[in-house]
Number of protein chains: 4
Amino acid sequence: MTTERTRRRLPRRVREREIVDAALRVFAQRGYHAAVVDEIADLAGISKPMVYLYLGSKENLFVACVRQAAEALVTAFRQAADSGDGPQLRLWRGLSAFFAFVAEHRDSWVILHRQTPEQSEAITEELERARESVMAEVTDLVRRGIDEGGADARLGAADADFVASALVGAADSLTDWMERNPQETPERVALRLMNMIWVGMRDVLGGEMWSPPGDSVG
Amino acid sequence: MTTERTRRRLPRRVREREIVDAALRVFAQRGYHAAVVDEIADLAGISKPMVYLYLGSKENLFVACVRQAAEALVTAFRQAADSGDGPQLRLWRGLSAFFAFVAEHRDSWVILHRQTPEQSEAITEELERARESVMAEVTDLVRRGIDEGGADARLGAADADFVASALVGAADSLTDWMERNPQETPERVALRLMNMIWVGMRDVLGGEMWSPPGDSVG
Amino acid sequence: MTTERTRRRLPRRVREREIVDAALRVFAQRGYHAAVVDEIADLAGISKPMVYLYLGSKENLFVACVRQAAEALVTAFRQAADSGDGPQLRLWRGLSAFFAFVAEHRDSWVILHRQTPEQSEAITEELERARESVMAEVTDLVRRGIDEGGADARLGAADADFVASALVGAADSLTDWMERNPQETPERVALRLMNMIWVGMRDVLGGEMWSPPGDSVG
Amino acid sequence: MTTERTRRRLPRRVREREIVDAALRVFAQRGYHAAVVDEIADLAGISKPMVYLYLGSKENLFVACVRQAAEALVTAFRQAADSGDGPQLRLWRGLSAFFAFVAEHRDSWVILHRQTPEQSEAITEELERARESVMAEVTDLVRRGIDEGGADARLGAADADFVASALVGAADSLTDWMERNPQETPERVALRLMNMIWVGMRDVLGGEMWSPPGDSVG
DNA sequence: GATGAATGAGCATTCATTCAT
DNA sequence: TATGAATGAATGCTCATTCAT
């Protein structure tokens, strides 16, 4: 005599994925600490002990979320950035993919970049790993752009790093701007951002540079 | 000859300020939820009830931190950005002040821009107010720069908004970059960021624009 | 062979009842504010979180106590007062039941009638509801007695109300008297009280009334 | 240089009385535990340490309130009940005084008769003493009435006690009834109550007694 | 005499985590 | 596999009480 709604027996992988998906939403909405395992279990449609059976701990669950979010983002980004000729086109595609991803998977982005630094070693490490992996993709793209653009001696690793950092930060911030301007497409936002940075970068590389009058900054 | 550890009796105002300062550090390090009022009290060198007597609640304490951080930042920024001729010089000074501020008051910046969105109405509102006040300063500066730079018809409020948003995001991100590159001065970082954005913006305004080949972005 | 002190696992309903029973005792002994949830949990043989899991809050727990106490008392009273011929017999049985109930469930009566008025809306409301339901039973009985006794024009609702109020107050007070005179049975106490009030009431209805000499009371 | 509102220097007795008066109101409104010393101090228009300087502790403050309330009530009652000829007149005057007192000094009555039993020895004792002193007055009055009315052998101390207990309880309860019926004067309420009880008592003493049919109660 | 400043101790409530079934 | 029942350990907040001035 089974109940109407028999307890679903799902393969481990599927269950696990469902749990992480639920967790992603709750963590993103409430933040790590304010998130309550009970709510995650509810949202996943299972009981709390199952969460622990599959993921071990809240901490570990969060780590899994970070990992999944990072993987998804990097995949989307790399796929886009690997196709096309010329650094500009690739960067534009990459940024477009980024904005598209964030627009569609807001939660993942929040998990990756809007978390208050946690005390937990494991979480900190995973977040760092994740952020680095994202940054690496962008830096790589930028560097290749610089190289192909014919960089002169003044430009080194630090510059690509600098540009990439600024780019990611700007992109993150524009994420909110997009929410306030819903008529804009990811492609258009990416294009605008790119032009702003890229053209400036190119010119700066070309030696055109503004300096404060009479002041030797260093 | 008083003992080192007699109960120090301080006037209300002083104590209040000390508490908020302590709270700023703890909130920045742990985040709102993970922060524990006990630790704040300890750091301020007093007992927990004093925190509640003076600030009322954890929530209110956080709001006070936000308010103080925002005021300090805006003051520093505006002071710098109000002096000097020409939009570029002013923007550069503003950005320099910003980076100097963040380098020196890391906690304040973390409070303002690295908080997981909280459920609390009061906090959300105060944070929004604070962020807007910061953004407004930057947007204003950017807009004046555009105007004086001779903007054509294509540029409106949305553009200043867009540029400001990207600028703030980039600056935020570069905040971390500065930590990883401690030999850089705020002035130099500001200069680099400025050139990148400014020159790019100017050229884009001037009609120079890259577009994906054969692709109508919209 | 299970250990005496394994965590006893009881179905929700049973536990809930046990908790309310324990709470009833503690609230009665200490009063709402002085009562400590820890003690209630101890007495119920469980941990504090269970109390909150099942009853939600101290306030709600108290409300549950009031509800249970009122229900029990009203049931006992009504059962007794509904049987028997003639208003006198019914009133006597009702009062006997009341005294028996209070003697046996002192705590319930204390909860219902000896609580310092609380600030809490919920508690105030529930207590009012409970007291009214008790009073209604008595008033009803008194009114029927008056009717059957052939009331004249001077008697209305206010009179039944007055008598019932005095009756309940007297009974409440005699509750303490009974504790000081343990050899008295509820039946005897009820009989004495009844005669005192009833005969007096009947005679007063019959027009026999004492007035202060020369004084027009109004 | 004195402030506009110089700190009033009052003789000890006066100050003490003001504090107790304030405490009376707060304790009555909130109950012993929920009452907060801060509020009492505020209401008395002084600072908290003064309360402790004068009264020593919250417990002691409450005891003082009980004492004052009891004294006032007993005084009022005795004064009224000592004048006039005949037990009936005296009882009526006493009850009238009681109802008048309660109507005017609700707080005192609440302190005396509506307090959840406290844990504190001192409080319990003082409350008992107070209640006994009130009850003694009433019992005395009742006993004298019985004596003068020519009681037969069946009536002893327990009976006066019983009647007094019922009387006080009824009066307490009618206190609320009066609030719901503000057009009634204390004198009228006293008269009604008296007639109900007195006539009944007299007749019962006279041998007129109702008994449950066929049931020997004891 | 009078008070602003300060705290030890306690209490309601919550939550990650684990058993017993 | 799956879960209802259960708890240890915090954590925000309050309050009677006491110093130092």
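All values reported here derive from a predicted model rather than from experimental measurement. Values below: all heavy atoms of this structure, side chains included; hydrogens, waters and symmetry mates excluded. A, B, ... follow the sequence lines: proteins, then strands. Residue 1 opens every chain.
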Can you tell me the distance, in whole Å, between the [atom1] atom of [X] and the [atom2] atom of [N]?
| X | N | atom1 | atom2 | result |
| --- | --- | --- | --- | --- |
| A/Asp38 | F/dA5 | CG | C1' | 13 Å |
| B/Glu16 | E/dA5 | CD | C1' | 13 Å |
| C/Leu53 | F/dT3 | CG | C1' | 14 Å |
| B/Asp42 | E/dG8 | CG | P | 11 Å |
| C/Asn60 | E/dT14 | CG | P | 12 Å |
| C/Lys48 | E/dC11 | NZ | P | 9 Å |
| C/Met50 | E/dT14 | CE | P | 15 Å |
| C/Ile40 | E/dG10 | CD1 | P | 18 Å |

**Report entry** Pair listing, side-chain hydrogen bond (donor to acceptor under 3.5 Å, both in side chains) test, anchored in residues 51-63 of chain C, at least two apart
**Finding:** C/Glu59-C/Ser120

Query - Base-pairing string, 5' to 3', of DNA chain F - Watson-Crick or wobble, under 3.5 Å, | interstrand - result: .||||||||||||||||||||

Query raised in the report: Which residues, if any, of residues 29-37 of chain B bring a heavy atom under 4.0 Å of DNA chain F?
Result: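 Per residue number, the list reads B/Ala35, B/Val36, B/Val37.
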
Report summary line: Taking for C/Lys58 and for A/Gly56 the nucleotide of DNA chain E with the nearest heavy atom, the one nearer the 5' end belongs to C/Lys58

Query raised in the report: Is any side-chain N or O of A/Tyr52 closer than 4.0 Å to OP1 or OP2 of F/dT3?
Result: no

Query raised in the report: Side-chain N or O of B/Arg15 less than 4.0 angstrom from OP1 or OP2 on E/dA6?
Result: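 Yes, because at least one side-chain N or O of B/Arg15 sits under 4.0 Å from OP1 or OP2 of E/dA6.
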
Query - Minimum side-chain heavy-atom gap D/Gln115-D/His33 below 4.5 Å - result: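 Answer no - side chains too far apart.
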
Do the side chains of [X] and [Y] get close enough for a salt bridge, i.e. N-O under 4.0 angstrom?
| X | Y | answer |
| --- | --- | --- |
| D/Glu128 | D/Arg131 | no |
| B/Arg67 | B/Glu71 | no |
| C/Glu118 | D/Arg30 | no |

Report task. Determine whether the aromatic ring centres of A/His113 and A/Trp109 lie less than 6.0 Å apart. Result -> yes

Report summary line: Walking DNA chain F from its 5' end, the first of B/Pro49 and C/Leu10 to be reached, judged by nearest nucleotide, is C/Leu10

Query raised in the report: How far does OG of C/Ser108 sit from CG of C/Leu73, to the nearest 0.5 angstrom?
Result: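 Reported to 0.5 Å precision, the distance equals 8.0 Å.
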
Query raised in the report: Do the rings of C/Phe27 and C/Tyr32 sit parallel, tilted or perpendicular, given the 30° and 60° boundaries?
Result: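 If you compare the ring of C/Phe27 with that of C/Tyr32, the planes turn out parallel.
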
Requested in this report: Could you verify whether a donor N or O on one side chain and an acceptor N or O on the other, from C/Gln68 and C/Asp21, lie under 3.5 Å apart?
Outcome: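 Looking only at side-chain atoms, C/Asp21 and C/Gln68 do form a donor-acceptor pair, the distance falling under 3.5 Å.
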
